Amino acid sequence: MSHILEVKGLTKRFGGLTAVNDVSFGVNEREILSVIGPNGAGKSTLFKLISSFLKPSAGEVTFRGERISNLAPHIAARKGVVRTFQETTIFRNMSVRDNVIVAHQLRARASLLGFFAGSAEARRDEVRFAESADEILSFLGLDAIRSELARNLPHGHLRALGIAIGLATTPTLLLLDEPFAGMNHDETMKAVAMVRKLRERGLTVLLVEHDMSAVMKISDRIVVLNFGEKIAEGTPAEIQNNQRVIEAYLGVEDEAIGL
Amino acid sequence: MTKKLIGLVVFLLAVFIAVPMLIAATGRTDLYYVFTSVALLSIASAGVWLTFFIGRINIGQGAYALMGGYVSAILIMYYGWSFWWTLPVAGIFCAAASILIGFPILRLRGVYFAMVTLILTEVMRLLALALPITNGAKGITSIPPPGPISLFGMTLVPDFATLQNPRIAFYYLSVMLMIACFAVLYRLVHSRIGHICMSLQQNEELASSIGVNIAALRVMAYAISSFFGGLSGAVFIGATQSIYPSSFTVTDSVNFMLNCFLGGLGYVFGPMLGTLVLYLGWNLLFSTGEFQLLIYSTAMIVLMLVLPNGLLSLGSFKRRG
Ligand SMILES: Nc1ncnc2c1ncn2[C@@H]1O[C@H](COP(=O)(O)OP(=O)(O)OP(=O)(O)O)[C@@H](O)[C@H]1O
Ligand SMILES: [Mg+2]
């Protein structure tokens with residue numbers, strides 16, 4: 001089976017520090033693949049490279065056979081590769097619903113001039129965006145808070161809103177950076193179910209996450225980074241028994257990897 | 001909807017009927033010059049407001065007002081153009097220049113962008129002093145008043161030179177242009193473009209992750225802003241019939257920005273009200289002589305402390321939530 005995303009020899013140096021070092025792996029269509037590793041291993045940097053927020057020092061990323069590294073982020077998004085942020089990154093001073101509506105930018109058919117003049121096409125776009133935003137909000141269970149100002153939301157909802165914004169762009173490949181951080185057990189279980197539903201919608205999901213029980217439950221495959229290098233790749237069962245992975249995590253906490 | 005309509009009608013009645021009647025009743029025709037200035041300066045301030053709207057502090061609008069003024073003056077004096085044609089051309093010239101300048105500098109944020117724009121005003125003044133075509137410190141003077149506009153042999157606008165009181169004509173012209181510019185701004189802000197600009201203002205990284213071409217959008221907003229600046233400068237030199245390197249200085253650039261703060265950054269009509277209050281306030285304080293600047297600055301500081309979101313946040317004037 002050919003991969004939808006191919007990462008080849010990807011390297012990123014920040015001055016003397018090599019944050020991502022010669023990392024290669026492939027992602028299958030409709031797969032949930034998690035990237036794990038200790039703090040500072042280079043996971044977020046890897047995501048920024050894949051979504052074109054950073055330019056690689058070496059190597060490349062291809063998506064559906066097309067090279068997407070070195071593009072501007074909005075072009076990568078247009079091609080269907082969209083990332084959510086590790087921090088709760090949202091439009092703070094807009095309502096929840098407006099956050100999701102504005103994120104439909106990529107689906108606009110009318111031109112900017114059309115939106116300015118209020119053309120028929122633009123009005124149709126507005127209606128479609130509003131409908132789709134409502135659909136996404138109810139999919140993520142956020143309808144009750146849709147008129148709330150985003151900056152007033154509790155943490156768990158902020159994460160969900162970040163994902164809602166990502167979904168509004170109709171991505172093919174969604175990169176979620178620590179989507180379960182700061183959630184309690186129940187919230188995490190709900191979010192895990194939600195990520196599974198994303199896959200049912202046809203999305204391919206790449207996930208960075210520290211919550212190992214969630215990672216083991218949700219992932220088809222796992223890639224492990226340590227000091228910027230890939231040290232293992234395989235199914236959750238393989239990773240849990242991998243000697244190098246255990247060693248990499250030993251310095252941290254024994255139970256961190258769910259052993 | 002109807003509330004907005006009533007507001008618009010009241011506004012139109014005030015500027016087109018009440019103000020001229022008031023001036024006629026008091027015989028203070030010099031006030032036309034005051035209100036013309038307010039209208040033109042509020043156009044330039046509207047441009048600054050738009051750059052605030054994409055999250056950039058712009059202290060460089062004086063540069064474009066000066067540039068627009070010189071473009072108009074040079075085209076009229078050296079190339080024999082009609083005043084009317086120089087207006088759009090001055091605006092477009094400034095917009096084009098701002099695209100070239102904006103691409104590199106709009107990447108800067110916060111105080112860095114503000115500093116560069118501040119320097120821009122000074123650079124433009126020095127250019128005007130140095131270039132042969134701008135005639136150095138002597139400036140360009142005796143610019144003829146606007147000629148007539150006729151369409152199919154019908155005179156739509158008479159030759160300003162034949163008018164008994166061209167001040168009134170300039171007042172009407174400026175107010176109409178101001179209304180047109182604010183209408184454009186209002187529509188821009190309330191359309192999807194405005195929402196995208198707001199996304200940019202709140203988080204540029206996230207905006208680009210949802211597919212917004214942030215570099216292009218920033219430059220577009222800045223170009224419109226500079227168009228307003230150039231247009232305002234061009235009409236200004238028509239009204240004063242002269243331009244000097246000191247016609248728009250750093251002080252003006254700062255004032256354009258203060259107008260926006262005072263009126264309210266959250267309101268499209270903030271810069272209009274801010275310009276009116278600041279301009280009239282400054283002139284009313286004229287009689288206080290040496291204390292003018294002191295009183296003025298103190299009043300500004302107090303106002304900003306009491307009303308950090310601008311005069312329009314007083315509520316009853318609220319146009320935009
Ligand atoms: N823009 C940057 N400039 C310099 N160094 C950077 C930059 N971004 C990341 N780094 C460094 O690269 C390394 C990898 O960082 P990265 O954020 O990718 O780690 P991470 O695996 O996501 O960690 P965490 O689990 O804490 O989120 C770190 O040492 C970090 O300090
Ligand atoms: Mg990270």
Side-chain angles (χ1 to χ4, degrees), chain A residues 47-48 51-53 72-85 87-95 98-108 110-119 122-123 125-126 129 149-151 161-162 164-171 174-175 177, chain B residues 1 4 50 52-55 95 99 103 106-107 180-225 227-228 264-268 308-309 313 320-321:
Chain A
F47 268 26
K48 286 177 196 163
S51 55
S52 275
F53 270 81
H74 71 275
I75 310 253
R78 194 175 299 158
K79 296 194 184 293
V81 179
V82 173
R83 103 177 224 246
T84 66
F85 293 76
E87 314 77 33
T88 46
T89 300
I90 42 129
F91 301 122
R92 293 171 49 79
N93 295 322
M94 292 187 197
S95 74
D98 282 345
N99 261 274
V100 185
I101 289 178
V102 81
H104 280 75
Q105 183 53 24
L106 285 169
R107 293 204 227 168
S111 65
L112 283 186
L113 205 62
F115 281 114
F116 179 75
S119 68
R123 285 199 303 271
D125 275 350
E126 304 278 8
F129 296 169
L149 209 54
R151 64 159 182 260
L161 178 56
I165 291 172
L167 283 185
T169 62
T170 48
L174 191 60
L175 302 131
D177 199 343
Chain B
M1 191 67 215
K4 277 184 196 155
L50 185 60
F52 269 114
F53 195 56
I54 58 161
I99 291 173
F103 255 115
L106 281 164
R107 283 186 214 169
C181 289
F182 276 86
V184 167
L185 191 65
Y186 184 86
R187 185 60 209 145
L188 209 63
V189 167
H190 288 85
S191 72
R192 186 172 172 79
I193 303 174
H195 288 124
I196 306 172
C197 289
M198 265 158 74
S199 77
L200 194 69
Q201 179 204 70
Q202 290 174 32
N203 196 321
E204 296 197 354
E205 271 210 315
L206 183 59
S208 68
S209 86
I210 59 166
V212 175
N213 186 347
I214 54 172
L217 193 68
R218 281 190 305 229
V219 167
M220 187 192 86
Y222 190 54
I224 296 172
S225 158
F227 182 96
F228 284 3
L265 294 179
Y267 309 89
V268 174
N309 295 321
S313 63
R320 204 176 74 78

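Just so you know, these numbers come straight off a predicted model, no measurement behind them. Letters A, B, ... mirror the listed sequences (proteins, then strands); counts begin at 1.
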Measuring heavy-atom distances to chain B, does [X] have an atom under 4.5 Å in its side chain, in its backbone, in both, or in neither?
X      : result
A:F116 : both
A:A103 : both
A:I75  : neither
A:T89  : both

Quick check against the 3.5 Å criterion: does [X] have a side-chain atom that pairs as donor or acceptor with the backbone of [Y]?
X      : Y      : result
A:Q105 : B:G211 : no
B:E204 : B:I214 : no
B:S225 : B:A221 : no

Reported CZ-to-CE distance for the pair B:F53 and B:M198, which is rounded to 0.5 angstrom: 5.5 Å
Contact leader toward chain B among A:I90, A:V82, A:D98, where contacts are heavy-atom pairs under 4.5 Å: A:I90
Most contacts with chain B, counted as non-hydrogen pairs under 4.5 angstrom, among A:T169, A:D125, A:N93: A:N93
Pi-cation contact, A:F129 with A:R107 (under 6.0 Å, within 45°): no
Axial cation check for A:F85 ring with A:R83, 6.0 Å and 45° limits: yes
If you count heavy-atom pairs under 4.5 Å between each of [options] and chain A, which one has the most?
options                : value
B:V212, B:L206, B:L188 : B:L206
B:H195, B:M220, B:Q202 : B:Q202
B:L217, B:I193, B:I210 : B:I210

Flag side-chain contact, heavy atom, 4.5 Å: A:I101 against B:R192: yes
Part of B:E205 lying under 4.5 Å from any heavy atom of chain A: both
